[in-house]
Amino acid sequence: MTQDRTAAPDATPASPAPWRPSRTVAVVLAGGTGTRLGLGIPKQLLKIAGKPIIEHTLAVFEAAPEIDEIIVLMAAGHVPDAQQIVDKAGFRKVSKVITGGDTRNATTRIALDAIGEGDVNILFHDAVRPLLSGRIVRECVNALWTYTAVDVAIPSADTIIQVDENECITDIPVRSTLRRGQTPQAFRSGTIREAYRIAGGDANFAATDDCGVVLRYLPGTPIKVIDGSDENIKVTHPVDVHLADKLFQLAAAQAPRLTDHRSYTEELTGRTVVVFGGSYGIGHELTELARRYGAQVFPFSRSSTGTHVERAADVEAALKTAFEATGRIDHVVVTAGVLEKGELAEMDQETMDRVLQVNFVGPVTVARQALPYLQQTKGQLLLYTSSSYTRGRARYALYSATKAALVNLTQALSDEWAEFGVRVNCINPERTATPMRTKAFGEEPEHTLLAAETVAQSSLDVLISELTGQVIDVRRALGEGPAANVPAQGAPTATPATAG
C-alpha cells in the first residue's frame with residue numbers, strides 16, 4: 001500500500017490514536033440498470049471509447065498505487081458479465097465480483113460484509129464515473145491519514161434554487177458555499193461501519209450517499225471535501241454517453257510521448273510498419289521517423305509503387321510483400337486520401353467516385369486485408385480524418401462525409417476487434433504543411449500550419465500507445481509553428497489534391 005502521509009497544515013486530527021490501516025479497498029458500485037438510458041443492459045456495460053464503462057473505471061483503480069484491492073458490486077443477473085470483463089482485462093487487484101443490493105445503502109452494507117473486520121481504508125465509487133483521475137484517488141487516500149470521512153465535490157457553476165410543492169422558489173442559497181458531489185467517497189472502516197450500525201436502528205433510515213449517512217448519524221465527524229473535476233461525470237442520461245465519449249477523445253489527444261531517442265528505439269526495433277500513402281507529406285515523414293527508430297517500414301502509394309488503396313488486389317500484394325520480408329506486421333497506417341472542392345450538384349461522376357473510393361473504400365479495404373496480420377501481433381490500424389468530420393462544409397461535402405465515416409469506422413472496428421487484441425485509432429490533424437498543400441494553395445505563413453513532422457511524431461506516439469477507438473487531435477501549440485497534442489478541434493484540412 002503506497003500512501004503519502006502529508007496532511008494540510010491546518011488539518012485537525014480526527015482521532016488521537018494513530019491510524020494504521022492494513023490495506024486500502026476500492027469498492028466499485030455497479031448496481032445500475034440503465035433504465036434512464038433506455039438500455040436493455042446495465043449502463044456500466046455500455047461501451048465507450050472501445051471498452052465497457054466499468055472497464056475504464058476499474059482500470060483507474062488497478063493503476064493507482066494507493067489501492068490494494070478492488071471489490072465490484074454488480075447488478076443482479078450480470079455478475080458473470082462483469083467477471084468476464086475483469087478476467088479479460090487481467091485486473092489483478094479485483095478480489096470479488098458480487099451481487100449488489102436493491103438500494104445504494106444496501107449495497108454498501110454488502111460491501112462492508114465482504115471487506116470484513118479490521119482497520120481498512122474504503123473508497124466507494126460509482127462504476128459509471130469512468131473518467132476518474134489518479135489524482136483524486138491519491139488525494140482521497142491521503143486525506144484519510146487525517147480525517148475519518150472524505151467526500152469529492154466541485155463548485156456549482158449554476159445558481160441553485162429551492163422550490164416548494166408548487167414549484168415556486170422558497171430560497172436561493174449562496175452559491176459560493178455550494179458544491180456538486182461526486183465520488184469516490186472515502187472512509188476509515190470504523191467510521192462507516194459505526195454510521196451504518198446506528199442507522200440500522202432508525203426505522204426511517206434513507207440516504208442517497210454514504211457521506212450523508214455519516215453526516216446524519218455521526219454528526220460530530222468532520223467530512224473533508226477534496227476537489228473533484230469537471231470530467232468526473234456520471235453517465236446517467238443519453239447525452240452523458242456522448243459527453244463521456246468526447247471526453248475520452250480529448251484525454252486521448254494527450255498520447256504519452258517517450259522521453260528520448262533510446263526509448264523509441266527500444267519500442268520500435270523489430271516492428272514492421274506498413275504505410276499506405278507513404279510517398280510524401282505525413283506518410284513520408286512517418287516512414288522516415290519510424291525507420292530512424294529501428295522499425296522496418298514499407299511505404300506504398302500510387303506514385304511510388306502503383307498501389308491503389310481502393311483495390312483489394314493491390315492492398316493484398318503490399319501486405320504480403322511486407323510480411324514475407326519480415327514475418328510480421330505490427331502497424332498499418334492509411335494516410336492516402338483525396339480532396340476535391342466544388343458544389344456536389346456540379347461534380348462529375350468520375351470525381352465523386354474517386355473521392356469515395358480513395359477516402360472511404362480504401363481504408364475499408366485496407367482494414368479487411370490487414371486484420372489477419374494484425375491479429376498475430378496484437379497490432380494497430382491507424383487512420384486519418386479532418387476536423388471537418390464534426391460539421392460538413394459547403395464545397396467539401398464528400399470530403400467531410402468520408403472523414404466523418406472514418407471516425408465511425410475507427411470506433412466500430414475498435415469495438416469489433418477488441419476480442420482480437422487489435423487496436424484502431426484515428427489522427428485528426430490541423431491544416432498541415434505538405435507539398436500537396438503548397439501545390440494547391442501556394443506559400444502560406446509558416447506559423448499558421450502544422451509541420452508534417454509533428455503529425456508524424458504524434459502518429460508514432462499513438463502507434464506505440466495502448467489507445468484504441470480514439471480520435472486524437474493534433475494542433476499547433478499557441479504562438480508556435482510546431483504543434484502539440486492538445487484537446488481541441490482544428491480547422492478543416494482543405495487540401496484539393498491527392499495524398500500518396
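Reckoned from all heavy atoms, side chains included, excluding hydrogens, waters and symmetry mates. If you're wondering where the values come from, they're calculated on a predicted model, not measured in any experiment.
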Can you find a pair of side-chain heavy atoms, one from [X] and one from [Y], that are under 4.5 Å apart?
{"X": "L58", "Y": "E62", "result": "no"}
{"X": "W19", "Y": "N121", "result": "yes"}
{"X": "L73", "Y": "T99", "result": "no"}
{"X": "R193", "Y": "I115", "result": "yes"}
{"X": "P184", "Y": "V152", "result": "yes"}
{"X": "V241", "Y": "K43", "result": "no"}
{"X": "F248", "Y": "P130", "result": "yes"}
{"X": "I71", "Y": "V28", "result": "no"}

Dump the intermediate steps for side-chain hydrogen bond (donor to acceptor under 3.5 Å, both in side chains) on Y384 and S459, then the final yes or no. CA-CA 10 Å; Y384 289 76; S459 302; 2.7 Å; yes
Is [X] reaching over with its side chain to a backbone N or O of [Y], donor-acceptor style, under 3.5 angstrom?
{"X": "T468", "Y": "V424", "result": "yes"}
{"X": "S263", "Y": "T259", "result": "no"}
{"X": "R188", "Y": "W145", "result": "yes"}
{"X": "D330", "Y": "T272", "result": "yes"}
{"X": "H125", "Y": "A26", "result": "no"}
{"X": "R423", "Y": "G469", "result": "no"}
{"X": "T454", "Y": "L450", "result": "no"}
{"X": "R179", "Y": "S176", "result": "yes"}
{"X": "R135", "Y": "G228", "result": "yes"}
{"X": "T170", "Y": "Q162", "result": "yes"}

For I53, run the side-chain contact (heavy atoms from CB on, under 4.5 Å) check against I48, L131, L45 and tell me which one passes. I48
Member of T326, I464, T377 meeting the side-chain contact (heavy atoms from CB on, under 4.5 Å) criterion with R271: I464
Do you know which two heavy atoms are closest between [X] and [Y], and how far apart they sit?
{"X": "V60", "Y": "L132", "result": "CG2-O, 3.4 Å"}
{"X": "R328", "Y": "G270", "result": "CD-O, 3.5 Å"}
{"X": "A106", "Y": "T103", "result": "N-OG1, 3.1 Å"}

side-chain hydrogen bond (donor to acceptor under 3.5 Å, both in side chains) between D240 and H237: does it pass, once the steps are laid out? CA-CA 5 Å; D240 299 327; H237 303 287; 5.1 Å; no
Looking just at side-chain N and O atoms, do D81 and H78 make a donor-acceptor pair shorter than 3.5 Å?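 A pair is found: one side chain offers a donor N or O, the other an acceptor, under 3.5 Å apart.
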To the nearest 0.5 Å, what is the distance between [atom1] ([X]) and [atom2] ([Y])?
{"X": "F420", "Y": "L374", "atom1": "CZ", "atom2": "CG", "result": "11.5 Å"}
{"X": "Q83", "Y": "M74", "atom1": "CD", "atom2": "CE", "result": "11.0 Å"}
{"X": "F360", "Y": "T402", "atom1": "CZ", "atom2": "OG1", "result": "9.0 Å"}
{"X": "S458", "Y": "R257", "atom1": "OG", "atom2": "CZ", "result": "5.0 Å"}
{"X": "D473", "Y": "E430", "atom1": "CG", "atom2": "CD", "result": "9.5 Å"}
{"X": "T108", "Y": "Q185", "atom1": "OG1", "atom2": "CD", "result": "8.5 Å"}

Under the side-chain contact (heavy atoms from CB on, under 4.5 Å) test, residues paired with V407 that sit two or more places apart: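 For V407 the side-chain contact (heavy atoms from CB on, under 4.5 Å) partners, ignoring immediate neighbours, are T385, Y389, Q411, V471.
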Distance flag, aromatic centroids of F91 and F61, threshold under 6.0 Å: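 They do not qualify: ring centres at least 6.0 Å apart.
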Can you list the steps and then say if N232 with S229 is a side-chain hydrogen bond (donor to acceptor under 3.5 Å, both in side chains)? CA-CA 5 Å; N232 187 23; S229 71; 5.2 Å; no
Would one find more than 12 heavy atoms of other residues, nucleotides or ligands at under 6.0 Å from atom [atom1] of [X]?
{"X": "R291", "atom1": "CZ", "answer": "yes"}
{"X": "D113", "atom1": "CG", "answer": "yes"}
{"X": "R368", "atom1": "CZ", "answer": "no"}
{"X": "Q84", "atom1": "CD", "answer": "no"}

Side chain to side chain contact (heavy atoms under 4.5 Å, CB included) between Y196 and F205, worked out: CA-CA 10 Å; Y196 269 88; F205 168 62; 4.0 Å; yes
Give me the ring orientation class for Y264 and Y293: parallel if the planes are under 30° apart, tilted from 30 to 60°, perpendicular past 60°.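 Rings of Y264 and Y293: parallel, as their planes differ by under 30°.
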Side chain to side chain donor-acceptor pair (under 3.5 Å) partners of E231, counting only residues at least two apart: none
Passes side chain to side chain contact (heavy atoms under 4.5 Å, CB included), L460 versus L268? Steps please. CA-CA 10 Å; L460 197 63; L268 289 164; 3.7 Å; yes
Hey, mind stepping through I472 and C426 against side chain to side chain contact (heavy atoms under 4.5 Å, CB included) and telling me if it holds? CA-CA 6 Å; I472 297 90; C426 191; over 6 Å; no
Does anything in residues 194-211 pair up under salt bridge (charged side-chain N to carboxylate O under 4.0 Å, His left out), and if so which pairs, sequence neighbours excluded? R104-D210, E194-R197, D202-R216
Show the numbers, then the answer: is there a side chain to side chain contact (heavy atoms under 4.5 Å, CB included) between L383 and N425? CA-CA 6 Å; L383 305 176; N425 290 296; over 6 Å; no
Could you tell me whether K93 and E69 make a salt bridge, using a distance below 4.0 angstrom between a side-chain N and a carboxylate O?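 Looking at K93 and E69, the cut-off is not met.
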